[in-house]
Amino acid sequence: MSNVAMITGASSGIGEEFARQLAARGHDLVLVARRADRLERLAAELPTKVHVLPCDLGADAAALPARVEALGVDVDLLVNNAGFGNHDRFWKIPEGRDAAQVRLNCEAVVTLSRAFLPAMVDRGAGGIINLSSIFGFQPMPYEAVYGASKAFLLSFSAALRVELKGSGVRVLAVCPGPVATEFQETAGVGGIKLVGKIPVERVVEQALRAYDRDAGSIVPGGAIRWFTRAQRLMPQSLTLRMSEKFGRPEKLRKS
Ligand SMILES: NC(=O)c1ccc[n+]([C@@H]2O[C@H](COP(=O)([O-])OP(=O)(O)OC[C@H]3O[C@@H](n4cnc5c(N)ncnc54)[C@H](OP(=O)(O)O)[C@@H]3O)[C@@H](O)[C@H]2O)c1
């Protein structure tokens, strides 16, 4: 029985923590991200067999499955974690950056899922964990493309899960609230106060427990989970107004 987890975006933040916790559970790993030095350093610290595959998933995701096959491993858990956001008015974000976001946050997930699912279905075991976000639950002013990309992952994961019912293969969508990682710096809001933030260890612990019980989706954390539930009962006009007010770029950068 294969016991290999492949984690995209394992060079920092949530992906790095998935690598640590999955290795502690005894999984061999395939780690993917662009920064090879970071992946090599992490691999050297982990207790199980780790393959490092540097890859720009925004450009080369389609070539990755063949590189994994060449390693001679069967991936039985795919963690589609690599992703980034941009916080600004859509038309002010440098041209091409939002399209790159769609290629990484959505297209690479589809490409990798399509490549690795058939073997999981044949084996009747394994699964996919997709990193969505609480921003996937509603349109997000000033993160318009990011929010839409995370809504895509929620929809994709839920539909896939139904198609896979009875196959032995699981799909989990993880929807964290704010987590202090390199994400904020990359999104152009480094240093902001993260209200309701959750430690990265807790995000991954809760995600893996949700995967174990085949929960379908999880909002890690306590308070943020209840806030999200309440928010989803509110009219969209109200949640949009709230998000617009709290997310206004000039205001966030001053906080
Ligand atoms: N932090 C939060 O508040 C938060 C909340 C909800 C959801 N999430 C989601 O959680 C996931 C992980 O985010 P994080 O917070 O851990 O952010 P992070 O620390 O910035 O990590 C992002 C990871 O994605 C990788 N990555 C970025 N572009 C890539 C590319 N083109 N090809 C391959 N890998 C690439 C990065 O590695 P390289 O730079 O080495 O390529 C890095 O390992 C993302 O999908 C994010 O949307 C985060």
Side-chain angles (χ1 to χ4, degrees), residues 6-21 29-43 52-64 67 78-87 96-109 111-112 128-137 140 143 145-154 156-157 172-204 206-207 217-221 224-225 228 247 252:
M6 177 163 123
I7 304 159
T8 69
S11 62
S12 74
I14 297 171
E16 178 179 335
E17 185 60 25
F18 264 109
R20 292 187 189 285
Q21 292 195 24
L29 301 176
V30 179
L31 304 182
V32 181
R34 291 165 302 180
R35 288 171 292 181
D37 54 334
R38 293 261 200 123
L39 296 178
E40 294 289 0
R41 265 206 307 277
L42 176 61
V52 166
L53 287 184
C55 178
D56 180 349
L57 288 169
D60 303 323
L64 195 62
R67 294 173 64 195
L78 169 63
V79 184
N80 284 311
N81 164 80
F84 74 95
N86 267 306
H87 196 97
R97 196 161 159 77
D98 269 329
Q101 218 182 132
V102 174
R103 283 197 299 278
L104 179 65
N105 298 7
C106 304
E107 190 182 327
V109 172
T111 300
L112 297 182
I128 298 178
I129 297 179
N130 289 326
L131 262 291
S132 178
S133 164
I134 58 167
F135 283 12
F137 293 134
M140 286 306 301
E143 302 257 6
V145 171
Y146 180 72
S149 76
K150 295 299 170 180
F152 175 94
L153 290 183
L154 272 180
F156 176 58
S157 305
L172 175 75
V174 183
C175 307
V179 189
T181 63
E182 294 174 15
F183 179 86
Q184 290 77 26
E185 195 66 46
T186 307
V189 289
I192 60 160
K193 187 161 179 268
L194 295 175
V195 180
K197 80 173 168 189
I198 330 159
V200 68
E201 297 81 4
R202 186 129 61 93
V203 171
V204 175
Q206 292 192 10
S217 67
I218 172 99
V219 178
I224 197 81
R225 185 179 304 157
T228 307
L252 265 196

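Numbering of ligands and ligand atoms starts at 1, following listing order. Everything numeric here is computed off the predicted structure, so don't read it as measured data.
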(request) Go through the steps to decide whether Ser157 and Asn130 satisfy the test side-chain hydrogen bond (donor to acceptor under 3.5 Å, both in side chains), and finish with yes or no. (result) CA-CA 7 Å; Ser157 305; Asn130 289 326; 3.0 Å; yes
(message) Tell me whether ligand 1 is touched by Thr8 - counting only heavy atoms on the residue side and a distance under 4.0 Å.
(response) no
(message) Tell me whether Leu57 has any N or O atom under 3.5 angstrom from an N or O of ligand 1.
(response) yes
(message) Out of Phe84, Tyr146, Phe18, who is nearest to atom 46 (C) of ligand 1 when you count heavy atoms only?
(response) Tyr146
(message) Below the 3.5 angstrom mark, is there an N/O of Thr186, backbone or side chain, next to an N/O of ligand 1?
(response) no
(request) Work out which heavy atom in Ala207 is nearest to a heavy atom in Leu172; give both atom names and the distance. (result) O-CD2, 3.3 Å
(request) Give the numbers and elements of all ligand 1 atoms closer than 4.0 Å to a heavy atom of Ser133. (result) 6 (C), 7 (C)
(request) Give the contacting part of Lys150 toward ligand 1: side chain, backbone, both or neither, where contact means a heavy-atom distance below 4.0 Å. (result) side chain
(request) Take every heavy atom of Ala59, measure it against each atom of ligand 1, and state whether any distance is under 4.0 Å. (result) no
(request) Could you list the residues that satisfy side-chain contact (heavy atoms from CB on, under 4.5 Å) with Ser12, not counting sequence neighbours? (result) Arg35, Arg38, Glu182
(message) Please report whether ligand 1 has a polar contact with Val32, defined as an N or O pair separated by less than 3.5 Å (distance criterion only).
(response) no
(request) Output the list of atoms in ligand 1 that are nearer than 4.0 Å to some heavy atom of Gly177, sorted by atom number. (result) 3 (O), 5 (C), 6 (C)
(message) If we only consider heavy atoms of Gln184, is any one of them less than 4.0 Å away from an atom in ligand 1?
(response) yes
(request) State, to 0.1 Å, how close Cys175 and Pro220 come at their nearest heavy-atom pair, and which atoms those are. (result) O-CD, 3.4 Å
(request) Would you check if Tyr146 and Ser133 make a side-chain contact, meaning some heavy-atom pair closer than 4.5 Å? (result) yes
(request) Have a look at ligand 1 and work out which part of Pro178, if any, has a heavy atom under 4.0 Å from it: side chain, backbone, both or neither. (result) backbone
(message) Side chains of Val102 and Glu107, heavy atoms from C-beta outward: is any pair under 4.5 Å?
(response) no
(message) If you define the side chain from C-beta out and look only at heavy atoms, does anything of Ile129 sit under 4.5 Å from Leu78?
(response) no
(request) May I ask whether Ser132 has any heavy atom positioned less than 4.0 angstrom from an atom of ligand 1? (result) yes
(message) Show me which atoms of ligand 1 lie under 4.0 Å from any heavy atom of Arg35.
(response) 37 (O), 38 (P), 39 (O), 40 (O)
(request) Please write down residue, atom name and distance for the protein heavy atom closest to atom 14 (P) of ligand 1. (result) Thr181 OG1, 3.5 Å
(message) Is the contact between Ala10 and ligand 1 made by the side chain, the backbone, both, or neither, using heavy atoms and a 4.0 Å cut-off?
(response) backbone
(message) Using a 4.0 Å cutoff against the non-hydrogen atoms of Asp56, which atoms of ligand 1 qualify?
(response) 30 (C), 31 (N), 32 (N)
(request) Determine, using heavy atoms of Phe135 and all atoms of ligand 1, whether some pair is separated by less than 4.0 Å. (result) no
(request) Just need the protein heavy atom nearest to atom 6 (C) of ligand 1, so name the residue and atom and give the distance. (result) Pro176 O, 3.3 Å
(message) On a heavy-atom basis, which atom in Arg97 and which in Thr186 lie closest, and how many Å separate them?
(response) NH2-O, 3.0 Å
(request) Just need the protein heavy atom nearest to atom 22 (C) of ligand 1, so name the residue and atom and give the distance. (result) Gly83 O, 3.8 Å
(message) Quick check on Lys197 - does any of its heavy atoms sit under 4.0 Å from an atom of ligand 1?
(response) no
(request) Go through the steps for Arg20 and Leu42 under the test side chain to side chain contact (heavy atoms under 4.5 Å, CB included), then give the verdict. (result) CA-CA 9 Å; Arg20 292 187 189 285; Leu42 176 61; 3.6 Å; yes
(request) Answer whether the closest heavy-atom distance between the side chains of Val79 and Met6 falls below 4.5 Å. (result) no
(request) State the atoms of ligand 1, each with its element, that fall below the 4.0 Å cut-off from a heavy-atom position in Ser11. (result) 36 (C), 37 (O), 38 (P), 40 (O), 42 (C), 43 (O)
(request) May I ask you to test the Leu154-Phe156 pair for a side-chain heavy-atom distance under 4.5 Å? (result) no
(request) Output the list of atoms in ligand 1 that are nearer than 4.0 Å to some heavy atom of Gly58, sorted by atom number. (result) 31 (N)
(message) Using heavy-atom distances only, which candidate in Val179, Leu153, Ile134, Asn81 approaches atom 44 (C) of ligand 1 most closely?
(response) Asn81
(message) Quick check: do Leu131 and Phe18 have side-chain heavy atoms less than 4.5 Å from each other?
(response) yes
(request) Compare all side-chain heavy atoms of Thr228 with those of Ile224 and state whether any distance is below 4.5 angstrom. (result) yes
(request) Output the distance between atom CD (Glu16) and atom CG (Leu39), rounded to the nearest 0.5 Å. (result) 9.5 Å
(request) Quick one: list whatever passes side-chain contact (heavy atoms from CB on, under 4.5 Å) with Ala180, sequence neighbours left out. (result) Leu194, Lys197
(request) For atom 20 (O) of ligand 1, grab the closest protein heavy atom and report residue, atom and distance to one decimal in Å. (result) Phe183 N, 3.3 Å
(request) Just jot down the ligand 1 atoms closer than 4.0 angstrom to any heavy atom of Cys55, in number order. (result) 32 (N), 33 (C)
(request) Could you find the nearest protein heavy atom to atom 25 (C) of ligand 1 and give me its residue, atom name and distance? (result) Gly9 CA, 3.6 Å
(request) For Gly13, counting its heavy atoms only, list the atoms of ligand 1 lying under 4.0 Å from any of them. (result) 16 (O), 19 (O)
(message) Tell me the contacting part of Ile14 for ligand 1: side chain, backbone, both, or neither, using a 4.0 Å heavy-atom threshold, strictly below.
(response) both
(request) List the atom of Asn105, the atom of Leu153, and the distance in Å for their closest heavy-atom pair. (result) O-CD2, 3.5 Å
(message) Would you say that Pro54 contacts Val32 through its side chain, given a criterion of any heavy-atom pair below 4.5 Å between the two side chains?
(response) no
(message) For atom 27 (C) of ligand 1, what's the nearest protein heavy-atom neighbour? Residue, atom name and distance, please.
(response) Arg34 NH2, 3.5 Å
(request) Could you tell me the residue and atom name of the protein heavy atom closest to atom 19 (O) of ligand 1, and the distance to it rounded to 0.1 Å? (result) Ser12 OG, 2.7 Å
